[in-house]
*Asks:* 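The structure is given below, and queries will be raised subsequently.
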Amino acid sequence: MSEKPATKLTPMMEQYFEVKRGLPEGTLLLFRLGDFFELFYEDAVIASRLLGITLTKRQDYPMAGLPYHAADNYVTKLLAAGRKVALCDQSGPVKPGKLVKRTLTRILTPGTTLAASQLDANRNHYLCALAHDKRGLHASWLDLSTGEFRLASDPRIENLLPVLTALAPAEIVLAEGDLEHWQAQVAAHESGQAELRDLVQFCADRTRSEVPAYHFETAAGAKTVMDTLGVLNLEGFGLAATHPALGAAGALLYYATENLRSRPENLRKLQEYRSSGTLLLDPATLRNLEIFSSSRGTRDGTLLEAINRTRSATGARLLERWLSAPTLQLAEIHRRQHLVGELAAQPGRLAELQDSLSQVRDIPRILGRLQNRLRNPRELAGIRDSLAQFPKIRADIGDWGGQLADEYSARIAPLPELLDLLSRGLADELPGDVADGGMIRAGHDQELDLLRSLTSNNKTWLAQLEAEEQQRTGIKSLKVKFTNNFGYYIEVTKANLHLVPENYIRRQTTVGGERYITEELRQKEKEIFTSEERAIAREQDLFHALVSSVLAEAEPLASTADALAELDVLAGWATLAREWDYTCPIVDESDQLLIEEGRHPVVEQRLKAPEAAATASASSSAAFVPNDTELASNGAQLALITGPNMAGKSTYIRQVALIALLGHIGCWVPARSCRIGLVDRIFSRVGASDDLARGNSTFMVEMNETANILNNATRRSLIILDEIGRGTSTYDGLSIAWAVVEHLHADPEAGPRTLFATHYQELTQLEKHLPRLRNLSVTVKEWNDEIVFVRRVQPGAADRSYGIQVARLAGLPLSVIERAKTILSRLESEEAVVALPPTNQPAPAARPRKKITVEAIDDSQLSLL
Ligand SMILES: Nc1ncnc2c1ncn2[C@@H]1O[C@H](COP(=O)(O)OP(=O)(O)OP(=O)(O)O)[C@@H](O)[C@H]1O
């Protein structure tokens, strides 16, 4: 791109191409020219299209510019469009006729940006490197804005991909050619291609960057990691120097360093993530259960939103992390549950604590920016204002007593000296840019105060000069003025030129008059400039000293921020528990899942929302109807749920999965009582989801997801299946659903806890033959050929499906409803023939409904007659 033209270039364009040559392909170069960032050649064409800015021509090549002060907004848009942007700034003084020195200051990519305006405060922002070899999938991920840095390796892609999907990285780093290689393997149907296909899909959806493969070597990676973290070995992090994901970690650091144009300075540790310690939620389940994103692609209507009562950005991000990797460590689950209980027990104090937490600013991200050379005076004030809250929060927690006081008092460092320094040093009103000056408080530094008083005294002197000169010359309209180009001067209008005294030296003629200077004025101007320049320089030194004092305490600040983020999440859950009457579940090693009066956390809140209550109709009453659940892998393992359309089957099975999930993050749950035996993985196959863009039909997606479940579920898993087999003909679908139920029940002792919602009434007969299968149905009341939804789940199979009644509620024309009833009664009788109305064209022959009965051959094998 941007081919260098054959004609001779100006020195500035030579400079441009010099920088451009060193950039990774596809990077848009923003080149500073005075008050603008300019783009040239193809970059200009792309930017004008993406940003809607005007495309102009300079000599014979395209050019587009954007104002320097608004650059942030434009860069945000380019990153959102998946582009990489290099900033080349002026780094030397501007002198007429001389080429200004320019330096590449940083390369911004979707995964390496740090500016607050380019980050969602409530979301983590990951850059992730991936490698795959015979030993499995290796990954490392990094949130540069907060310094969180992890690595993981797993022999099976499917064990690691779920958590990576939940992290939703903004950008992926791969070794050159890897993706094409994987794609070729998938296309060639090599062994393991099903897993690889998921990996390819995961990568294909995201902004990717490639680096030479040698950056992914383990030994080199280990060295890069140690150099960046400033450690001599990796033992302190519990990592062997041969950990297979160190290559990915090294490649990630190499890439980040390249883009920041210097080493990331805010990384302190590298933590290993192990999928064996986590409840895994595969990508289909994340989507189906609407954990982070609703079916409409919004945050509204998600589990995350429903349980988020955090008051700070750090808390919101921690909640997202906990939810993306629910833990299987009972001790940790119990710890969180207990703390929620302590917090919920004192509502008055809880509200106060949350108030204080809401005033704590985003310390990890502020530190990240300060450490990586993005220094904004207002952010330093963010540290000051946060520090002001620390002592109060610490005292409140101390008074609280219990485990809260034991654990958290010690984790909050009050840092009174730093607070005092920042309070004395920083002004109340702060500029957004260090270059603007004015950030240091008067009285903080004698020298600065003196320089400032010189400047302001001089300015008073100038005002006096104007008055004196007006009097001396008799020119009433005489003015002492200042412009950037010209400095200070005396302006006299044309009509008064004859009154100008001798000592005035003429400098410039303007339309309305003349501009003069005097020796005295020149002298004063020098004094003013010097004192102003010295004041700014002094102020910048003082500011950087304050930054250094903050960075010297980066460690205690960061660990306090971690503790406060936890408190924020837990306090939020305590509020949630009080608001919605949640209960503390017993989470243990049993194989049970017992829920008394469970509710769907999202639907329940939606039904109570004012707009829902206002539109509540007969079919959706405003109050959520709670329901019980009883599952155990060696007892009631498989619940088959039948019931009319719209009765609440899907809601019920999802609510069970969501309650189980909440139990594993330590949150209380919407139920009267609850016991959850640890779940290693939640699987789901819910509703129809088209994947047409990737060439998969609805049925294919459904079967892929079902295959994944049957191949990977263990006795510890929880499975929810909603109407599998619907995407094909009735008998094919029924047969598949049937075989799936049998498979899940095949182990004679125990199997994955399963909820299976279906319209195939025929399956309910299986209860007689599969000892761990239980029929449940969602009841409705029938009244005058109409149905009323009661939303109660009860033992036993549903007798019929009421599809036609529901169709009527949906507003199908009455003639169609009546006709459907006639056809149904014929189909349900033994008669095979459905009479067609005389005017109609011949229609396909309706097939009679086969009577299906079940006969047992042995325990689990059934035959269809
Ligand atoms: N326990 C409940 N209390 C109150 N309202 C509920 C309850 N369960 C479900 N609903 C409401 O009923 C509507 C239909 O529920 P759902 O989609 O679960 O039915 P379904 O039986 O799966 O229907 P279909 O078979 O047509 O897919 C939902 O929009 C939900 O708001």
*Asks:* Quick check: do Gln470 and Ile475 have side-chain heavy atoms less than 4.5 Å from each other?
*Replies:* no

*Asks:* Below 4.0 angstrom, N of the basic side chain to O of the carboxylate: do Arg299 and Glu320 qualify?
*Replies:*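 Yes, Arg299 and Glu320 are salt-bridged.
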
*Asks:* Give a yes or no on whether the backbone of Gly425 and the side-chain of Arg441 come within a donor-acceptor separation of less than 3.5 Å.
*Replies:* no

*Asks:* Indicate yes or no: does Arg268 engage Glu555 in a salt bridge with an N to O separation below 4.0 Å.
*Replies:*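 Salt bridge between Arg268 and Glu555, a charged N being under 4.0 Å from a carboxylate O: yes.
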
*Asks:* To the nearest 0.5 Å, what is the distance between CZ on Arg150 and CD on Gln271?
*Replies:* 4.0 Å

*Asks:* Report yes or no: does Arg261 contribute a side-chain atom to a donor-acceptor pair with the main-chain N or O of Glu258 at less than 3.5 Å?
*Replies:* yes

*Asks:* Tell me which one of Asp541, Leu426, Leu551 satisfies side-chain contact (heavy atoms from CB on, under 4.5 Å) with Leu546.
*Replies:* Leu426

*Asks:* Indicate whether any N or O donor in one side chain lies under 3.5 Å from an N or O acceptor in the other, for Asn122 and Arg317.
*Replies:*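 No, because no side-chain N or O of Asn122 sits under 3.5 Å from a partner of the opposite role on Arg317.
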
*Asks:* Going through the checks in order, is the side-chain hydrogen bond (donor to acceptor under 3.5 Å, both in side chains) test met by Thr314 and Asp362?
*Replies:* CA-CA 6 Å; Thr314 38; Asp362 197 341; 5.3 Å; no

*Asks:* May I ask you to check whether Tyr41 and Phe17 place their ring centers less than 6.0 Å from one another?
*Replies:*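 Between Phe17 and Tyr41, which both carry aromatic rings, the centre distance is below 6.0 Å.
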
*Asks:* Once rounded to the nearest 0.5 Å, what's the spacing between atom OH of Tyr488 and atom CG of Leu521?
*Replies:* 9.0 Å

*Asks:* In terms of the angle between their ring planes, are Tyr16 and Phe31 parallel, tilted or perpendicular, with boundaries placed at 30° and 60°?
*Replies:*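 Taking Phe31 first and then Tyr16, their aromatic rings stand perpendicular (interplane angle over 60°).
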
*Asks:* Do you know which two heavy atoms are closest between Leu127 and Gly111, and how far apart they sit?
*Replies:* CB-O, 3.6 Å

*Asks:* Looking at Asp568 and Arg311, is any side-chain nitrogen of the basic one under 4.0 Å from a carboxylate oxygen of the acidic one?
*Replies:* no

*Asks:* Can you tell if the side chain of Trp461 reaches within under 4.5 Å of the side chain of Lys524, non-hydrogen atoms only?
*Replies:* yes

*Asks:* Measuring only between side-chain heavy atoms, which start at C-beta, is Gln354 closer than 4.5 Å to Thr310?
*Replies:*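 Counting from C-beta outward, Gln354 and Thr310 never come under 4.5 Å.
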
*Asks:* Assess Arg506 against Tyr516: is NZ or CZ under 6.0 Å from the centre of the six-membered ring, and within 45 degrees of the ring's axis?
*Replies:*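 Arg506 over Tyr516 ring: no.
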
*Asks:* Tell me whether the rings of Tyr61 and Phe40 are parallel (<30°), tilted (30 to 60°) or perpendicular (>60°).
*Replies:*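 Perpendicular: the ring planes of Tyr61 and Phe40 meet at over 60°.
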
*Asks:* Would you give the length of the straight line joining atom CG of Asp562 to atom CZ of Arg411, rounded to the nearest 0.5 angstrom?
*Replies:*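 Those atoms lie 7.0 Å apart.
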
